[in-house]
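The next block holds one structure in the form of structure tokens; read it before the comments.
Here the structure is a predicted model, which is why all the values come from computation and not from measurement. The figures that follow rest on heavy atoms only: side chains count, while hydrogens, waters and symmetry mates do not. Labels below follow one simple rule: chain letters A, B, ... track the order of the sequence lines, proteins then strands, and each chain is numbered from 1.
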Amino acid sequence: MEHTEESLNFIEQMIEDDIAAGKHGGRVLTRFPPEPNGYLHIGHAKSIVLNFGVAQKYGGKTNLRFDDTNPVTEDTEYVESIQNDIRWLGFDWEDRLFYASDYFDQIFGFALRLIDKGLAYVDDSSAEEIAALKGTPTHEGTDSPFRNRSIEENRQLFLEMRDGKHPEGSKVLRAKVDMASPNMLLRDPVIYRIKFAHHHRTADKWCIYPMYDFAHGQSDSIETITHSLCTLEFENHRPLYDWFIEQLGIFPSKQTEFARLNLNYTIMSKRKLLQLVNDNHVNGWDDPRMPTISGMRRRGYPPAAIRNFVKKVGVARRENVIDVGLLEFSVRQELNKTAPRVMAVLDPLKVVITNYPQDRVEWMHAENNPEDPEAGHRELPFSSELYIEQDDFMENPPKKYFRMFPGGMVRLKNAYIIQCDEVIKNEDGSIEQLNCTYIETSKSGEDTSGINVKGTIHWVSRAHALKVEARMYDRLFSHENPDHDKDQHFTAFLNPESLVVKPEIYVEPSLADALPGQSYQFMRKGYFCVDTDSTANKLVFNLTVNLRDNWGKS
RNA sequence: UGACCCCUGGUGUAAUGGUAGCACUACAGAUUUUGGUUCUGUUUGUCAGGGUUCGAAUCCUUGGGGGUCAACCA
């Protein structure tokens, strides 16, 4: 057996180099550091798969750490959903659940250490004044008038800030780096601000909170993270990340940036997703049209499909926009192997088999999944009155149409070949029903008719069909980049047909006991899953993704 | 008019100075009791110029294009 070597992405390459060099004794410890201020989306899935995946591959571990340094935007609702989503994706942080807020005491100590080294000062300037003195990317900044306070005064004032003696916005603690740096982040970044806000974990213990740059890297160090993987927009933060490690003399975690995942026909910004929820453009964070993990779960995307998708996308440092078609491919690939086949008629057309006894019911033997011999078989009721799909019949078919037409023959999947004898119309010209005859000797599995038909269509027995609701989902946006227009808000590009509800479709009776979350292939139509809105009286199915359809393309 | 990063088919990603490959998409065909799946094949690519080298997608250089950075957000 030939075995092809899989090529490494640049992060795996780096880790292998580090291990080979004996760095940290070959130890690998990564972390996934979400801020609990929103739901996880497919972009986070990339980070999760990367962080957990690479650690697994090299015998390491991964911490889950909530980056909860801004009490104003964070909430335990998000803490719960995030953990739920990571588990569902198939990853386990075991006993390593941490919060940046666990380290507030230590981080406060780091700040004092900086002050004592003359590397941090309390600034009484307003936010506007600080911004004004910061300069611009092309013009260097100016020192704050408070930059040269004594160590003693800085210490005293910082302690007073902690003790709530100063109002919000009146003072901040700044690192003393370099106001002339071409890197704006090094121009004396604010590292602590006053916020009289209730924190979801530390409650009212603190009224000062560290900023990202003085919490994230420090938390990495405290946990002795070896490889701190983050997205490209933090690249300019790396010199500061390293500066703090150097000045504080703490564990040297190493930050490495990779390009975030972008998908066309959707948006990934948490702020904008929150707006879709708040403005009721969608029905919550787990709306099946949302690019959130919870939305995809409800839509019926299997976790393995998401993992495979992320692996196919790869990891690199260049900006990218992934075609949502690749995600759909991954979903079909997984569901094709696992989803039982059933028959469902979405847009019914009544068929009467005139030569089939009206009171007769035959139970047809049907394969559950041709891709999976283990999946077994089921029995399907067949009778003289059926429903077929409206677009499986055409009165005046084009050349290569091989479904039903007047005088034509078609195979009913798992049943008989029938011939269309008569089209019965309503007064308005619409088709009321088809009268057909069946070929008695053509029963599936015991066909001796010798007739070969090109088309096979799905059907359900009218008397036995279950009436269920179907929610037909399409992409949320009709433009591949909803953010492309400077003058028009992204909501202007919402797809008005992203959800079409079919209140009543017909499905075969074997679906009666289907449970929320279960996926099926509605043969020749698409993959559907049972929605959590289903009740004892009425099942609700979500369209996960259509089947590929080559008909009519050429 | 600053610093840092990036540029390989339509999309994404390999090739670590030595045959530009893989996946998705598209197209064509075979198989098929799902116009699904599967199988086979085809089209399409190294941003541009200069240099180093026996040899450059890869190294150097100039230019072009794109991204990030001026929250008391992360």
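Side-chain atoms of A:S444 and base atoms of B:U33 include a donor and an acceptor less than 3.5 Å apart. On a pure distance criterion of 3.5 Å, no polar donor-acceptor pair joins the side chain of A:E371 and the base of B:U38.
Contact between the side-chain N/O atoms of A:R318 and the OP1/OP2 oxygens of B:U8 is found at a separation under 4.0 Å.
Here A:N414 lies in heavy-atom contact (under 4.0 Å) with a base. Contacts of A:R411 with the nucleic acid, taken as non-hydrogen atoms under 4.0 Å apart, include base atoms. A:V453 comes within contact range of no nucleotide atom at all, as no heavy-atom separation falls under 4.0 Å.
When A:F158, A:Y212, A:W206 are each tested for a ring pair (Phe, Tyr, Trp, His ring centres under 6.0 Å) with A:Y192, only one passes: A:F158.
Pair check for B:C22 finds B:G12; Watson-Crick or G-U wobble, both atom distances under 3.5 Å. Summarising the base pairing, B:U31 is matched to no nucleotide, lacking a Watson-Crick or G-U wobble pair whose two defining distances lie under 3.5 Å. The partner of B:U37, taking Watson-Crick or G-U wobble pairs whose two distances both stay under 3.5 Å, does not exist in any strand shown. Pairing for B:U68 goes to B:A3, judged as Watson-Crick or G-U wobble with the two contacts each under 3.5 Å. Look at B:U52: it lacks any Watson-Crick or wobble partner with both distances under 3.5 angstrom.
Atom CD of A:E440 is surrounded by 12 or fewer heavy atoms from other residues, nucleotides or ligands within 6.0 Å.
Distance noted for atom C1' between B:A56 and B:A20: 12 Å (whole Å). Atom name P, nucleotides B:U61 and B:G67: the rounded distance is 24 Å, in whole Å.
Rounded to the nearest 0.5 Å, atoms CE (A:M184) and CE (A:M179) are 8.0 Å apart.
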task = Give the intermediate values and the outcome of side-chain hydrogen bond (donor to acceptor under 3.5 Å, both in side chains) for residues A:S81 and A:D85.
result = CA-CA 6 Å; A:S81 75; A:D85 288 347; 4.9 Å; no
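Minimum atom distance to the side chain of A:F402 is reached by B:G35, of the listed B:G35, B:C24, B:U34. For A:S7, whose side chain is taken as the heavy atoms from C-beta onward, the closest listed nucleotide among B:U16, B:A14, B:U34 is B:A14.
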remark   = In B/S/- notation (B base, S sugar-phosphate only, - none; protein heavy atoms under 4.0 Å), nucleotides 67-74 of chain B written 5' to 3' is SBSB-BSB
